[in-house]
Amino acid sequence: QVQLVESGGGLVQAGGSLRLSCAASGRTFSVYAMGWFRQAPGKEREFVAVISWIGGSTNYADSVKGRFTISRDNAKSTVYLQMNSLKPEDTAVYYCAARPAAYSSGSYYYPRSYKYWGQGTQVTVSS
């Protein structure tokens, strides 16, 4: 089992920045990649960014490319999401997710490719 705890959400004005953190514990050696997803009211959960645990390769949703940066600190088993130039449409609950090696054959884009999920942290961007 892998446990994930997110932090860092809050209320920010448009154009502002926030940094989300996701601390992993448990069988973290089994983690292949870590991702961030978000879910706005009435909408499906959508992919935001992913980072591989070993090589550090990254991918981003087009909607956040150039504004958000995902990074990791393996020593702390923590993944970060730096969010700059925030827009009201970025308002959502943000979830951290872990993808074990056994799930590596699926696309990182879909929630079903991740086994472990955090409880979520609210990000609200005011206009």
Side-chain angles (χ1 to χ4, degrees):
Q1 291 289 330
V2 175
Q3 294 78 41
L4 304 174
V5 179
E6 302 103 332
S7 61
L11 173 64
V12 64
Q13 288 189 331
S17 298
L18 282 175
R19 189 176 83 154
L20 306 183
S21 299
C22 174
S25 61
R27 298 171 60 90
T28 57
F29 59 85
S30 68
V31 173
Y32 170 77
M34 298 283 291
W36 285 98
F37 286 75
R38 65 187 182 187
Q39 188 166 16
K43 295 188 176 181
E44 293 188 352
R45 192 166 298 191
E46 66 173 3
F47 169 76
V48 175
V50 64
I51 187 167
S52 65
W53 203 240
I54 302 301
S57 61
T58 59
N59 280 284
Y60 296 91
D62 288 343
S63 59
V64 307
K65 210 171 285 185
R67 300 188 298 122
F68 291 11
T69 302
I70 188 171
S71 62
R72 82 216 191 283
D73 184 333
N74 289 32
K76 296 182 178 179
S77 296
T78 299
V79 173
Y80 305 96
L81 186 69
Q82 178 66 44
M83 305 185 295
N84 299 328
S85 302
L86 282 161
K87 305 175 181 180
E89 52 263 44
D90 294 318
T91 295
V93 177
Y94 283 70
Y95 295 91
C96 174
R99 189 178 181 196
Y103 283 58
S104 61
S105 61
S107 169
Y108 60 80
Y109 192 82
Y110 298 106
R112 63 174 179 264
S113 296
Y114 298 78
K115 182 175 182 179
Y116 305 106
W117 292 85
Q119 81 287 353
T121 185
Q122 177 70 46
V123 171
T124 303
V125 184
S126 63
S127 56

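The figures that follow rest on heavy atoms only: side chains count, while hydrogens, waters and symmetry mates do not.
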Residues forming a salt bridge (Lys or Arg N to Asp or Glu O under 4.0 Å) with K43, sequence neighbours excluded: none

Which atom of Q82 lies closest to which atom of S17, heavy atoms considered: NE2-CB, 3.9 Å

Where V2 and A24 come nearest, the two heavy atoms and their spacing: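 Looks like CG1-CB, 4.4 Å.
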
Aromatic plane relationship, F47 with F37 - under 30° parallel, 30 to 60° tilted, over 60° perpendicular: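 If you compare the ring of F37 with that of F47, the planes turn out perpendicular.
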
Side chain to side chain contact (heavy atoms under 4.5 Å, CB included) partners of [X], counting only residues at least two apart:
X	answer
V93	Y95, Q122
S25	Q3
S127	P88
Q13	S126

Selection residues 44-59 - residue pairs positive for salt bridge (Lys or Arg N to Asp or Glu O under 4.0 Å), sequence neighbours left out: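 Every pair satisfying salt bridge (Lys or Arg N to Asp or Glu O under 4.0 Å) with a residue in residues 44-59: R38-E46.
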
Pairs flagged by salt bridge (Lys or Arg N to Asp or Glu O under 4.0 Å) wherever residues 19-34 is involved - sequence neighbours left out: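 Listed once each, the pairs would be none.
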
K87 bridged to D90 by N-O distance under 4.0 Å: no

Worked verdict on M83 versus V12 for side chain to side chain contact (heavy atoms under 4.5 Å, CB included): CA-CA 11 Å; M83 305 185 295; V12 64; over 6 Å; no

More than 12 heavy atoms of other groups within 6.0 Å of Q1 CD: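 No, the 6.0 Å shell around CD holds no more than 12 heavy atoms from other groups.
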
Other ILVMFWY residues reachable from F29 by side-chain steps of under 4.5 Å: none

Hydrophobic cluster (4.5 angstrom, side-chain heavy atoms) - remaining members for Y80: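 For Y80, no cluster forms, as it stays isolated from other hydrophobic side chains.
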
Backbone of Q119 reached by a side-chain donor or acceptor of E6 within 3.5 Å: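 The answer is yes, because a donor-acceptor pair under 3.5 Å joins these two groups.
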
So, using side chain to side chain donor-acceptor pair (under 3.5 Å) as the criterion, who are the partners of [X] when residues are at least two apart?
X	answer
Y108	N59
D73	none
S57	S52

Side-chain heavy-atom pair I54, Y32 within 4.5 angstrom cut-off: no

